[in-house]
Structures are given as structure tokens and as C-alpha cells.
Amino acid sequence: MKLKESYSVVIDAVPPYSFELSLRKPAGWWWSTPEEIFENGVCWSATRFNKELLGLKLCSTGTKEKPQVHCTIYSKNKIGNSEKQNIVRMLQRSLKTKENLTGFYELSKKDDIMRGVVEDLFGMHTVGWPELFPALILAVTLQMAPMKRSNQMMDLLMAKFGEQINFNGKTVRYWPSTETIASKSTQELMTEAKLGYRAKNLIDIAKTLNQGFPTLDELSSLDPQEAKQKILSLQGIGPYSAELVMPRMEFPLDTWSAKIFNVLFFGIEPQKPRDAVPALKKVAEERWGNWRGYAFVYVLNDLTKLSERIGFDLTKF
DNA sequence: GCGTCCAGGTCTACC
DNA sequence: GGTAGACCTGGACGC
């Protein structure tokens, strides 16, 4: 589908804000879709807003100290003024441009783990999901699978059921819609996207979202615990997945990250990583409070340098 | 080449 | 309220 340029907006961010570190994490994580393109500091990405696909071209027009993000929005149909404002709000939320990291950096000065990590990644913000369903797809495909297999499932979902947009000379593939997934049979998703037992859950989630479910913008205006309960009510979404999807990320420990944080907190590898999760979450909450989501993202994006500092190879997990 | 194990969780049944 | 056991699938591993 070919999209036309609709409008541009410049979003100011609270400094320090590193556009490149925030949008293209050192560990390789993408923002909205694994297919987004990042070249010479410019990001071409996509999202779905009110059921319509949008192309997004983002770049920094400021500095870490005076940050500005220039966003151009591409669409098939004309976008009305109130819709434009809603899209800007969505971008501000998902790019975390209003988040002030002063408290996090103050706390990190006194923390042995975080002190070096924040120096390495100064200005990096966590990012939020532009859209809820892709976040849930990621969470579901990460369950009970090595990364290679999760990537295979996501890639097949995009290839067989996703959509492709062309704008500004770029082509970006995007996630399937809830309508598309809800219309498929369990068997179809099992064979075509190799989802296994997750197929049933993903269809169930898509149907629930179709029946009317808060968007991420709406969830972010709720009390965090209320928002979490809402997300947890979805079939196949447990604590790990909910914390991964939450507007303000908590501490989504899985077996991989549990091994890493067990080494950081207690100096040893856990015998059973899943059993170690409750104790690790407790330590993270006591140590980092509401900034634990930030600590989580900073640590996992700085494993190589952190490993050198502590003399333990955290990248082996 | 073949069999076994288990992974970046969640739900259910049972106590 | 706590906890085994099951769940798709395919890559890794041992033989």
C-alpha cells in the first residue's frame, strides 16, 4: 500500500534525550516493528492508529541537551485535526519524550551496578509500544521459546498475515491487525506461523481487542495497577507478558534476564531461574523502586561493558 | 540419522 | 494459596 505525506511535527523532549540510543537500542531491539529501517540517524517505521496504517519518518533535529524529534506522518487518507493531535500524543507517550530522568540518574550515582551503566548509555530512554496488539504478539511469541524460534514465529506472522506500506521511497512490513488474526483458525496459525499452542491464545486476544479494549494511550492514563489487571485479563497473558506490555515498564523477568540479575544481585547463577524470579523482583523494587524498569533496560543494553567491569560474562546466557 | 531435552510462561487441576 | 504437569515446535545435543 502506497502512503502519501500527511503532515510533520516537531516534538520537544526533556533532556537528556538521545534519539539514537532510545530508538535503536544497543542490544538491537527495535521500536514498533522489526522491519523498521534506520539509516544515518533517520528511522522509517510504521504503526496502526484507529485501524489505519501510518508511515512514520523520525529523526533528531536537536541534541542530547536540547532534544527535538522531527516526525513526518504518511497516510492513505487525509487526517483530521483532532486525529493529528491524538497521533502526536501517541508519539510523545511511546517515545517517552516527557519523561524526566533526573531521579533515575540521582539514584544511579549511589548504585554500584548502575553507576557505570548510566555513563555508557547517558540519555537513553525506554520506549513504549505505539500500538497494543504488536506488543502482545511479541509477548506471546517470546513465551516458552528460544529467541530464534520467537523470531521465526514473528517473521511468519508478518510475512503471511501482516501488511506492507510504501512511503518516502521506503518499504516497511507491519504486524497483522486484530481483525486479520481473529478471522483465522487455530490450525491456520499453527501451520502457517508455527505458533503451536500459542495460536489459540493469540486468536483469543485478537477477538477480545476487537470487542473493545483500551488502547495503550487509554491504559497509560489509568492507575498502573488497574492497567496491569486489564492486560492480565487477556488469555495467555501472565505477569511476564503484562509487564513487558505495560505503558510504564516494570521488571519483566524471564529465565534469561533472571540469570543475569541473579549474578548481579547475588554473584551466582541461579539453579532454577524461574524460581528465582520473585526474590529478584523484590530486590529490584527495594533497590530501584519505580525506576526498576529503566534499570532493567539499561542493564540489558550494556551487558558487554558491564561484564568487563564485574569480571563475569553476562553475554553467555 | 535418531531420540531426547527444553526454551526469554501460562493455565488448570488438584491438594 | 501453593504447586505439579501439560502445552506446540524445532534447534541443540549426545549417541
Side-chain angles (χ1 to χ4, degrees), chain A residues 25-31 34 126-127 129 132-161 181 184-209 228-246 249-265 269-284 292-293 295-304 306-307 312-317:
Chain A
K25 296 280 186 292
W29 282 102
W30 27 268
W31 169 51
T126 63
V127 285
W129 291 92
L132 179 60
F133 191 49
L136 293 164
I137 294 178
L138 174 80
V140 167
T141 53
L142 282 178
Q143 293 168 9
M144 275 294 284
M147 267 318 288
K148 215 169 183 177
R149 174 139 163 66
S150 299
N151 284 331
Q152 178 193 43
M153 290 186 267
M154 288 189 269
D155 195 54
L156 286 169
L157 277 170
M158 293 260 215
K160 309 261 172 139
F161 308 111
I181 295 300
K184 304 297 169 194
S185 68
T186 306
Q187 197 54 43
E188 223 170 336
L189 287 194
M190 286 176 93
T191 52
E192 297 282 309
K194 300 188 188 296
L195 286 192
Y197 73 93
R198 304 166 194 80
K200 192 176 169 300
N201 289 344
L202 197 63
I203 292 170
D204 204 273
I205 290 168
K207 286 181 177 168
T208 306
L209 264 54
K228 190 173 181 181
Q229 287 310 316
K230 195 81 196 155
I231 297 168
L232 279 170
S233 71
L234 295 165
Q235 180 64 32
I237 297 298
Y240 163 74
S241 301
E243 290 184 20
L244 198 67
V245 168
M246 283 282 285
M249 206 174 85
E250 291 190 11
F251 206 70
L253 282 173
D254 47 35
T255 54
W256 169 69
S257 49
K259 289 177 196 166
I260 291 166
F261 282 96
N262 208 84
V263 171
L264 290 173
F265 291 160
E269 290 182 44
Q271 292 285 326
K272 294 183 177 175
R274 277 187 195 157
D275 293 349
V277 167
L280 293 168
K281 283 193 173 180
K282 191 162 178 279
V283 174
R292 60 194 185 282
F296 185 85
V297 173
Y298 264 70
V299 163
L300 297 182
N301 277 287
D302 200 32
L303 291 180
T304 305
L306 188 53
S307 296
F312 187 106
D313 183 15
L314 297 166
T315 64
K316 71 174 184 178
F317 297 126

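First the proteins, then the strands, lettered A, B, ... as listed; each starts at 1. Keep in mind that the numbers below use all heavy atoms, side chains included, and drop hydrogens, waters and symmetry copies.
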Kindly express the pairing pattern of DNA chain B in dot-bracket notation, using | wherever a base pairs with another strand and counting only Watson-Crick or G-U pairs under 3.5 Å. |||||||.|||||||
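- On the P atoms, B:dC11 is 23 Å away from C:dG10, given to the nearest whole Å.
- A:Pro273 comes within 4.0 angstrom of nothing in the nucleic acid, heavy atoms only.
- Here the side chain of A:Asp155 pairs no donor or acceptor atom with the backbone of A:Asn151 at under 3.5 angstrom.
- Looking at heavy atoms from C-beta onward, A:Leu303 lies out of side-chain contact with A:Asp313 at the 4.5 angstrom threshold.
- Interface residues of residues 141-154 of chain A facing DNA chain C, ordered by number: A:Met144, A:Lys148, A:Arg149, A:Gln152; criterion, heavy-atom separation under 4.0 Å.
- Where DNA chain B meets chain A (any atom under 4.0 Å from a heavy atom), the bounding nucleotides read 5' to 3' are B:dA7 to B:dC11.
- Relative ring orientation between A:Phe296 and A:Phe251 is described as perpendicular, the plane-to-plane angle rising above 60° on a 0-90° scale split at 30° and 60°.
- Residue A:Ile237 is classed as a sugar-phosphate contact, given heavy-atom separations below 4.0 Å to backbone atoms only.
- Contacts of A:Thr255 with the nucleic acid, taken as non-hydrogen atoms under 4.0 Å apart, involve only primed sugar atoms and P, OP1 or OP2.
- Nearer the 5' end of DNA chain B, as judged by each residue's closest nucleotide, is the contact made by A:Trp29, out of A:Trp29 and A:Asn201.
- Judged by distance alone, the side chain of A:Arg198 and the main-chain N or O of A:Met144 form a donor-acceptor pair under 3.5 Å.
- Between the side chains of A:Gln143 and A:Ser241, a donor-acceptor pair is found at a separation under 3.5 Å.
- For the pair A:Ser150 (side chain) and A:Thr141 (backbone), a donor-acceptor distance under 3.5 Å is present.
- Taking the side chain as every heavy atom from C-beta outward, A:Thr208 and A:Gln235 never approach each other to under 4.5 Å.
- Across all strands, A:Gly196 comes closer than 4.0 Å to base atoms (heavy-atom distances).
- Inter-residue side-chain proximity for A:Leu209 and A:Leu136 is flagged as met; some heavy-atom pair is nearer than 4.5 Å.
- When the P atom is used for both C:dG5 and B:dC5, the distance is 15 Å, rounded to whole Å.
- Ion pairing between A:Lys316 and A:Glu269 holds under the 4.0 Å rule for side-chain N and carboxylate O.
- Between A:Glu250 and A:Lys228, the closest side-chain pair of non-hydrogen atoms falls below 4.5 Å.
- Summary of the strand contacts: A:Arg198 and A:Pro239 both lie near DNA chain B, and taking for each the nucleotide with the nearest heavy atom, the more 5' one is attributed to A:Arg198.
- Among the heavy atoms of the strands, none lies under 4.0 Å from A:Leu300.
- Inter-residue side-chain proximity for A:Leu142 and A:Tyr240 is flagged as met; some heavy-atom pair is nearer than 4.5 Å.
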